[in-house]
2 protein chains.
Amino acid sequence: MATKRITSIDVANLAGVSVAAVSRAFTPGASIAPATKKRVLEAASTLGYQPNVIARSLNKRSSQLVGLLMSGWNNFGYVDVLRLLSERLEAHGYEVMLKSVLDREKIGEYVGQMLQYQVAALVVVSEVLPAAVAADCTLRGLPTVLVNRIGRGTGSCAVSVDGTNLGNSIADFLIERRHRRIALLRGRADIDYVDDVMNAIKERTATSGSCEVIADLDGVLGYEAGRRCISELFSRAETPDGVFCSYDHTAIGVMDGARIDLGLSIPEDLSVIGNGDRAPASWGAHELTTVGYPRDEVVEKAVHILLSRLEDPDLEPETALLKTDLVIRASTREKSV
Amino acid sequence: MATKRITSIDVANLAGVSVAAVSRAFTPGASIAPATKKRVLEAASTLGYQPNVIARSLNKRSSQLVGLLMSGWNNFGYVDVLRLLSERLEAHGYEVMLKSVLDREKIGEYVGQMLQYQVAALVVVSEVLPAAVAADCTLRGLPTVLVNRIGRGTGSCAVSVDGTNLGNSIADFLIERRHRRIALLRGRADIDYVDDVMNAIKERTATSGSCEVIADLDGVLGYEAGRRCISELFSRAETPDGVFCSYDHTAIGVMDGARIDLGLSIPEDLSVIGNGDRAPASWGAHELTTVGYPRDEVVEKAVHILLSRLEDPDLEPETALLKTDLVIRASTREKSV
DNA sequence: CTGTTAGCGCATTCAC
DNA sequence: GTGAATGCGCTAACAG
C-alpha cells in the first residue's frame with residue numbers, strides 16, 4: 001500500500017494555519033511572519049512534506065524545467081557541455097529535461113513535446129532550430145539558445161566559437177611556418193561555424209601568395225576516416241604539407257596514417273592540426289597541435305543568456321562568438337630554424 | 001503579447017463536444033466513437049492544440065518523467081549510456097529529467113527534487129543510493145535501477161557487469177600467457193563491481209602457483225596518473241610483467257610511460273590491459289587489449305527492468321550482471337611461441 | 001500579515 | 001458513447 005501522499009493541507013492542519021500560509025512559507029520573498037514561517041517549515045519537515053512542483057507549475061503556467069535538446073553526442077567534447085549545462089542550470093534552481101535528437105527532421109516534434117511540459121526555456125546543443133520552430137518559440141516568449149551553432153537568420157540566441165577569427169589564426173600560423181599546400185578535412189559540410197573557419201583559412205591563404213588550400217573535403221570524421229583520407233590525399237599529384245581537421249580524432253587518424261601507412265615524418269613532412277583538444281591530443285604518442293574549446297565560457301554564456309531572458313523576455317536575440325586558442329604541440333613544424 | 005494558450009475547452013468548442021470528449025480523444029483506449037474522435041483531432045490540429053502534460057500529471061498523480069541521476073561523467077563511456085538511455089526511454093514515451101551528482105552526500109536531496117516532479121521512475125548511473133533513500137523509493141513504489149553499480153543490500157534493482165567473471169577471464173588470460181607478477185590499477189577503491197574484478201584476479205592468480213598480484217593501487221585514474229604510476233612501480237624491487245587498469249586512459253598512460261619514460265617494449269617486457277574499449281584503445285599507436293563494455297545490453301536491460309516495474313510495481317528487486325568480452329590487441333603477449 | 005475564494009487544464013467519476 | 005460535475009495540489013487575488 002502506497003503511503004498517503006502529504007499535501008499542503010496536512011501541513012496546514014498540523015501547523016494550525018491555512019494552506020495559503022504553507023504556500024507562502026515555500027515561496028521566497030512572500031509576505032509571511034517569520035514565526036509562522038518557522039512553524040510551517042517545522043510541520044513540513046516532521047511530515048516530510050515537499051511542495052508538489054507539478055501543481056505549482058499548473059497555475060503558474062510555467063515550470064522550472066529547461067528543455068535541453070542534444071545532438072552531436074559522439075563528436076567533440078559536447079558531453080562536457082551537457083554536464084556543465086545541467087550543473088549550472090541546477091545551481092540556478094532549474095531542472096533539465098533532456099531529449100536526444102534521433103532524427104533531425106523531427107526537431108519540431110521534440111520541441112513540441114518539451115513545450116507540453118511547460119519548459120521555461122530551451123537549449124539546443126549542436127543543432128539549429130528550423131525557422132518555423134524558432135519563430136514559434138519567439139512567439140511564445142520562450143527563451144532559446146543554440147550552443148555550438150549560430151543559426152543565422154533564425155532569430156535564435158546563440159553561443160559558439162568565432163570561426164572567422166579561428167580560421168585566420170590557423171592560416172597565419174601555417175603561413176608563418178612556411179607551409180605551402182593545405183588540406184582541410186571536416187565531418188559535415190553544413191555546420192555554420194566550421195564553414196566560417198574553413199572560409200577564413202581559404203581566404204587568408206589565398207591572399208598570402210605563398211600558401212594555398214589544395215583540398216577541402218567533407219565526410220571525413222573520426223580516426224578511421226582520417227587515416228584513410230591521408231593516404232588518398234598522398235596518392236594525388238599535389239600533396240599537402242599541412243592538414244587542418246575539424247576534429248581531433250580525425251587528426252590523430254591522419255597522423256597515424258601518415259606515419260604508419262605512408263612512412264612520413266611529422267611534422268617534418270606534414271603538419272597536422274586538430275580541433276577540440278580532446279584528451280588523446282595531449283598524450284605522448286601524438287602531441288597534437290589543436291584548438292582548445294572554451295567549454296566553461298560557452299556554458300557560462302549560454303546560461304547567462306537564458307537567465308537574462310527569463311527575467312526580461314523582450315531582450316533582443318544575441319549571438320556570442322567566443323575566442324579560441326591554438327594549443328601548440330609537436331605535430332606542427334617549428335617557426336624557423 | 002503572448003498568444004492565448006489553447007486548452008481542451010477551445011478544442012471542445014470548435015468540435016462541438018465536451019471537454020471530456022477531448023480528453024478521451026487523447027487517451028489511448030478510451031471509449032469514444034471513431035467519428036467524434038476524428039472531429040476532435042481535427043479541431044485540435046487546426047488550433048494547434050497539445051494536451052498540457054502538467055495538468056494531466058496533476059490529477060494522474062504521476063508524470064511520464066523518468067529521473068536520471070548521472071555521475072561518473074568523465075570516466076568511461078558512460079555518456080553513451082546516458083544517450084542510449086534517453087533514446088530508449090523516449091521511444092517508450094517517457095521523458096528524462098537529468099540531474100548531475102555534484103556532491104555524493106546530497107544524493108538524497110537530488111532524489112527529493114526529482115520526486116517533486118512526480119517522476120515515474122529513477123535511473124541512477126555510476127552511483128549507489130544511500131540505504132535510507134533506497135528504502136524511501138521502495139516505500140513510494142518508485143521503480144529504481146542502478147546502472148554500473150550493484151548496490152548490494154540496498155534493495156535497488158541494478159544492471160552492471162559481472163566483475164567476478166571478468167576477473168577470472170583476465171586472470172586466466174594472464175596466467176595462460178605466462179605472466180608472473182601482476183599490478184592492478186584503479187581509480188577509486190569503493191566501486192563494487194571493480195572490487196569484484198580485482199578480487200577475482202587476486203584469488204585466481206593466488207591459486208595458480210605461477211602468477212601473483214604484486215600491487216593493487218587505487219587513486220590511479222587517467223593518462224597522467226597511469227604514466228606516473230608505471231615509473232613508480234618499476235622503481236620497486238619487484239616489477240610487474242602485466243598490468244590491468246580499471247580504465248583505458250590509465251592503461252594508455254601506462255603504455256606511454258613504459259615505452260617513452262622507461263624504454264620498455266610492449267608487450268615483450270610488459271603486457272597492459274585496459275577496460276572500457278574507448279576509441280583510442282583501437283588506434284594504431286597503442287592497440288590496447290581491453291575489456292568491451294556492453295553499452296547496448298546494459299541500457300536495454302535497465303530500461304526493461306524499469307518498464308516491467310512500471311507495469312507491475314510489486315516485482316522483486318532484480319540485479320542483472322552482464323558478461324563482458326576481452327578485446328585482444330597488441331598490448332599483450334602472445335600465447336606461446 | 002493572514003485566511004478565504006477561485007481557478008490553473010485535465011481525467012475521472014457518474015448519470016444519461 | 002457522451003456530457004456535467006468534481007477534484008488533483010497549489011498559487012493568486014482579494015478582503016480583512
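The figures here come from the full heavy-atom set of this structure, side chains too, leaving out hydrogens, waters and symmetry mates. Residue numbers start from 1 in every chain, and the chains themselves are labelled A, B, ... in the order their sequence lines are given, proteins ahead of strands. This is a predicted model, so every value here is computed, not measured.
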### Message
Can you measure Q116(B) atom CD to dC8(D) atom P for me and round it to whole angstrom units?
### Response
19 Å

### Expected output: side-chain S63(B) to main-chain Q118(B) donor-acceptor under 3.5 Å
yes

### Query
In whole angstroms, how far is the P atom of dC10(D) from the CG atom of L58(B)?
9 Å

### Query
Should we count CD1 of I9(A) as having more than 12 external heavy atoms under 6.0 Å?
no

### Query
Between N59(A) (CG) and dT11(D) (P), how many Å, whole number?
7 Å

### Query
Looking only at side-chain N and O atoms, does T7(A) come under 4.0 Å of OP1 or OP2 in dG9(D)?
no

### Task
Would you indicate whether the side-chain heavy atoms of V79(B) and R83(B) approach each other to under 4.5 Å?
no

## Note on the structure
Rounded to whole Å, CZ of R24(A) lies from P of dA13(D) at a distance of 12 Å

### Message
Both atom distances under 3.5 Å, Watson-Crick or G-U wobble: I'd like the secondary structure of DNA chain C as a dot-bracket string, with | for pairs made across strands.
### Response
||||.|||||||||||

### Message
Which residues pass the side-chain contact (heavy atoms from CB on, under 4.5 Å) test with S18(A), not counting sequence neighbours?
### Response
A20(A), A21(A)

### Message
At 4.0 Å (heavy atoms only), tell me whether A20(A) reaches a base, stays on the sugar-phosphate, or touches nothing.
### Response
base

#### Entry: Rounded distance in Å - CD (Q64(A)) to P (dC10(D))
16 Å

### Query
Base, sugar-phosphate, or nothing: which does Y49(A) touch, judged by heavy atoms less than 4.0 Å apart?
sugar-phosphate

### Message
Distance alone, cut at 3.5 Å: any donor-acceptor contact between the side chains of T144(B) and S156(B)?
### Response
no

### Query
Can you tell me how far C1' of dC8(D) sits from CD1 of I6(A), to the nearest Å?
16 Å

## Note on the structure
Whichever of G16(B) and R61(B) has the more 5' nearest nucleotide on DNA chain D, that residue is G16(B)

### Query
Base, sugar-phosphate, or nothing: which does S57(A) touch, judged by heavy atoms less than 4.0 Å apart?
nothing

### Task
Give the nucleotide from the list dG9(D), dA12(D), dG3(D) with an atom nearest to the side chain of V17(B).
dG3(D)

### Heavy-atom contact window of chain A on DNA chain C, given 5' to 3' at under 4.0 Å
dC1(C) to dG9(C)

### Query
Given that K60(B) and S31(B) both sit by DNA chain D, which one's nearest nucleotide is further toward the 5' end?
S31(B)

